[in-house]
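Beneath this line is the structure, given in structure tokens, with notes to follow.
Here is how names work: the chains are called A, B, and so on, in the same order as the sequence lines, proteins then strands, and each is numbered from 1.
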Amino acid sequence: MSRFRPLSNAFYVRPADIVAPELLGRYLVRELDGERTVARLVEVEAYLGADDPASHAFRGRTARNAAMFLAGGHAYVYFVYGMHFCLNVVTGESGVAHAVLLRAAEVVEGVETAAQRRGVSADAAPRLLAGGPARLCEALGVDRAFDGASLRRGELTLREGEPVTPPAIARGRRVGVAYAGRAAAWPLRFAVRASPALSRPLAAR
DNA sequence: CGGAAGATCCACT
DNA sequence: GTGGATCTTCCGA
């Protein structure tokens with residue numbers, strides 16, 4: 001999988017709703033203690049910074065969301081519900097605070113390691129491995145230590161992989177943002193239709 | 001300084 | 001389908 005190169009700086013420096021669908025099919029590579037775990041992204045959501053009531057950056061910069069204001073290509077990791085981590089890819093120019101939440105992935109290498117971190121058996125359903133933002137983080141051993149880290153080098157990298165084209169992509173409203181009023185209905189969730197690892201079913205058409 | 005709510009997950013009915 | 005776990009963050013008083 002290291003035959004794939006890290007995504008370029010130019011890739012990230014665009015609005016989150018443009019970058020999000022292009023992240024599907026890409027590989028998130030985690031190196032830890034000599035073990036490599038690789039996950040193919042199958043579900044993401046775009047958050048549009050100051051223009052988006054659902055975004056953590058809607059009300060400006062705080063200690064928690066500082067990483068969102070870095071230049072595109074960095075990670076924004078936050079802690080929720082007192083027990084879970086969620087990983088975002090920051091996009092756009094520095095100061096814009098756009099981000100893409102990584103909601104689900106298919107583990108394509110290092111299944112044993114991922115399953116162990118998740119506390120499930122290696123033959124568990126894909127959804128139980130990394131189908132969900134917090135499950136994805138646990139499967140890859142991602143925590144607060146990566147908040148603000150670059151995704152172009154280091155122990156957690158996002159690589160070119162095999163992009164998915166529009167016919168295979170479903171689009172719908174974001175999950176868990178009912179508090180955001182009208183923005184809750186914005187179609188900023190993108191998912192690979194055929195994936196068995198989605199965090200939850202796609203809305204009926 | 002207190003309290004409410006949270007970009008979730010799991011066990012159980 | 002429902003409720004509980006668990007604790008950080010942020011806003012209002």
*Which residue, A:Val177 or A:Leu128, contacts DNA chain B at a nucleotide closer to its 5' end, judged by nearest heavy atom?*
A:Val177
*Does the pair A:Glu155/A:Arg30 count as a salt bridge with the N-to-O cut at 4.0 Å?*
yes
*asked:* Taking any heavy-atom pair under 4.0 Å as a contact, classify A:Arg118: base, sugar-phosphate, or nothing.
replied: sugar-phosphate
*May I ask which nucleotide in the shown strands pairs with C:dT6, Watson-Crick or G-U wobble, both distances under 3.5 Å?*
none
*Using whole Å, report how far CG of A:Leu129 lies from P of B:dC9.*
13 Å
*For A:Tyr47, is the NZ or CZ atom of A:Arg174 found under 6.0 angstrom from the centre of its six-membered ring and inside 45 degrees of the ring axis?*
yes
*Are A:Val142 and A:Val29 grouped together when hydrophobic residues (ILVMFWY) are joined by side-chain heavy atoms under 4.5 angstrom apart?*
no
_Side-chain donor-acceptor contact under 3.5 Å, A:Ser195 with A:Glu43_ = no
*asked:* Less than 4.0 angstrom between a side-chain N/O of A:Tyr179 and OP1 or OP2 of B:dG6, yes or no?
replied: no
_Within the structure provided, determine whether A:Arg135 and A:Arg127 are in side-chain contact (heavy-atom separation under 4.5 Å)._
yes
*Decide yes or no for A:Glu45 and A:Val175: does some side-chain heavy atom of the first lie under 4.5 Å from some side-chain heavy atom of the second?*
yes
_In this structure, how many angstroms lie between the P atom of B:dG6 and the OH atom of A:Tyr47, rounded?_
13 Å
*B:dC9 phosphate, OP1 or OP2, under 4.0 Å from A:His84 side-chain N/O*: no
*Return yes if a side-chain donor-acceptor contact under 3.5 Å exists between A:Ser150 and A:Arg152, otherwise no.*
no
*Distance, rounded to the nearest Å, where A:Leu101 contributes CG and B:dG6 contributes C1'*: 14 Å
*Touch check for A:Ala134, heavy atoms < 4.0 angstrom, all strands: base, sugar-phosphate only, or nothing?*
sugar-phosphate
*asked:* Rounded to whole Å, how long is the line connecting atom CZ of A:Arg174 with atom C1' of B:dG6?
replied: 15 Å
_Treating primed atoms plus P, OP1 and OP2 as sugar-phosphate and everything else as base, which nucleotides of nucleotides 6-13 of chain C get B, S or - for protein heavy atoms under 4.0 Å?_
BBSSSS--
*Nearest-Å distance, CG (A:Asn88) to C1' (B:dT8)?*
14 Å
*Interatomic distance where CG belongs to A:Asp143 and P belongs to B:dT8 [whole Å]*: 18 Å
